[in-house]
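Since we're looking at a predicted model, the values are computed, not measured. Residue numbers start at 1 and run along the sequence shown.
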Amino acid sequence: SVWRQTRALLFKNCLVKCRTKKSSVQEVLFPLFFLFWLILMSMMHPHKKYSEVPNTDLGTLDTSLLVNLIVGYTPPTNMAREIMKKVAFDNFEDGIITEEYLSEEELQEASAFKPSNFVGVVFNDAMSYQLRFPDSVTMSSLYMESR
């Protein structure tokens with residue numbers, strides 16, 4: 001019957017565990033050791049909690065820094081064009097020079113030949129993008145994390 005087979009299997013497993021005490025102890029102690037190690041590491045590096053930042057008036061934007069700013073973007077989709085049009089004309093009186101590129105490789109080539117006031121924008125989809133500066137890549141993010 002099922003009960004007899006279960007009891008025989010349980011008895012067999014107990015005999016195996018008693019005969020191999022070293023591996024049985026390791027099966028119990030290793031997970032406890034790793035659990036202790038994780039707890040110790042989390043205590044050494046506690047999570048930082050940042051409080052809310054109150055709303056403040058930052059004043060007017062100094063547009064003299066943005067004179068002759070060139071913003072290149074890829075891929076040239078309708079959504080990207082609309083976003084870049086809003087960035088260029090709705091926020092700044094003089095407008096920002098925007099250039100569209102067919103591929104990310106063309107954008108990288110253009111940034112190599114343009115002056116330091118070139119910024120590239122690579123749209124992953126309608127809601128996410130990457131900013132490409134002459135020396136680095138910066139991921140868009142809603143919050144700031146410490147490095």
Side-chain angles (χ1 to χ4, degrees), residues 2 6 9-10 12-147:
V2 174
T6 305
L9 184 61
L10 182 62
K12 180 191 130 203
N13 287 339
C14 286
L15 283 177
V16 168
K17 293 295 178 188
C18 288
R19 291 179 183 163
T20 58
K21 289 180 179 154
K22 183 178 178 183
S23 65
S24 299
V25 169
Q26 286 177 348
E27 286 180 12
V28 173
L29 291 182
F30 274 137
L32 291 175
F33 171 74
F34 289 124
L35 180 65
F36 171 75
W37 186 254
L38 285 173
I39 291 171
L40 183 67
M41 293 301 288
S42 69
M43 289 172 62
M44 289 175 62
H45 301 286
H47 296 288
K48 293 181 181 177
K49 296 190 178 188
Y50 297 100
S51 61
E52 283 187 14
V53 177
N55 291 337
T56 57
D57 183 20
L58 299 176
T60 59
L61 178 64
D62 184 13
T63 57
S64 65
L65 299 172
L66 301 175
V67 174
N68 300 327
L69 180 68
I70 302 169
V71 179
Y73 64 94
T74 187
T77 60
N78 289 335
M79 182 63 76
R81 285 185 188 107
E82 288 179 30
I83 292 171
M84 295 311 292
K85 183 179 175 184
K86 284 186 180 289
V87 167
F89 297 109
D90 290 353
N91 298 323
F92 305 101
E93 294 174 3
D94 297 334
I96 295 176
I97 301 167
T98 59
E99 298 175 354
E100 64 181 42
Y101 295 94
L102 296 176
S103 66
E104 192 171 344
E105 290 78 23
E106 287 183 21
L107 181 73
Q108 288 176 347
E109 288 176 14
S111 69
F113 297 112
K114 301 279 183 179
S116 62
N117 61 349
F118 182 85
V119 176
V121 181
V122 179
F123 288 96
N124 299 329
D125 54 35
M127 298 303 288
S128 64
Y129 59 90
Q130 291 180 337
L131 295 178
R132 301 216 183 255
F133 296 98
D135 298 324
S136 64
V137 177
T138 304
M139 297 292 293
S140 66
S141 177
L142 297 177
Y143 56 92
M144 299 294 292
E145 292 180 342
S146 63
R147 294 184 184 211

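- Between atom OG1 of residue T20 and atom CG of residue L15 there is a gap of 10.5 Å, rounded to the nearest 0.5 Å.
- In plain terms, the two heavy atoms of Y101 and P76 that are nearest each other are O-CD, 3.2 Å.
- Applying the salt bridge (Lys or Arg N to Asp or Glu O under 4.0 Å) rule to E27 yields the partners K17; only residues at least two apart in sequence or on another chain are considered.
- Not counting sequence neighbours, the partners of D125 by the side-chain hydrogen bond (donor to acceptor under 3.5 Å, both in side chains) test are S128.
- Among residues two or more places apart in sequence or in another chain, the salt bridge (Lys or Arg N to Asp or Glu O under 4.0 Å) test is passed with E109 by none.
- The CG atom of L38 sits 7.5 Å away from the OG atom of S42 when rounded to the nearest 0.5 Å.
- Between atom OG1 of residue T77 and atom CE of residue M84 there is a gap of 11.0 Å, rounded to the nearest 0.5 Å.
- In this structure, the side-chain contact (heavy atoms from CB on, under 4.5 Å) partners of M43, at least two apart in sequence or on a different chain, are I39.
- Minimum interatomic distance between P75 and A80 (heavy atoms only, all atoms of both residues): O-CB, 3.6 Å.
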Requested in this report: Give the intermediate values and the outcome of side chain to side chain contact (heavy atoms under 4.5 Å, CB included) for residues F123 and I83.
Outcome: CA-CA 10 Å; F123 288 96; I83 292 171; 3.9 Å; yes
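- Listed by chain and residue number, K22, F30 satisfy the side-chain contact (heavy atoms from CB on, under 4.5 Å) test with Q26 (two or more places apart in sequence, or in another chain).
- Contact check for R81 versus Y73: side-chain heavy atoms found under the 4.5 Å cut-off.
- Residues passing the salt bridge (Lys or Arg N to Asp or Glu O under 4.0 Å) test with E104 are R132, sequence neighbours excluded.
- Counting heavy atoms from C-beta on, the side chains of I97 and V71 never come closer than 4.5 Å.
- Contact annotation: the side chain of F118 approaches that of L107 to within less than 4.5 Å [non-hydrogen atoms, C-beta and beyond].
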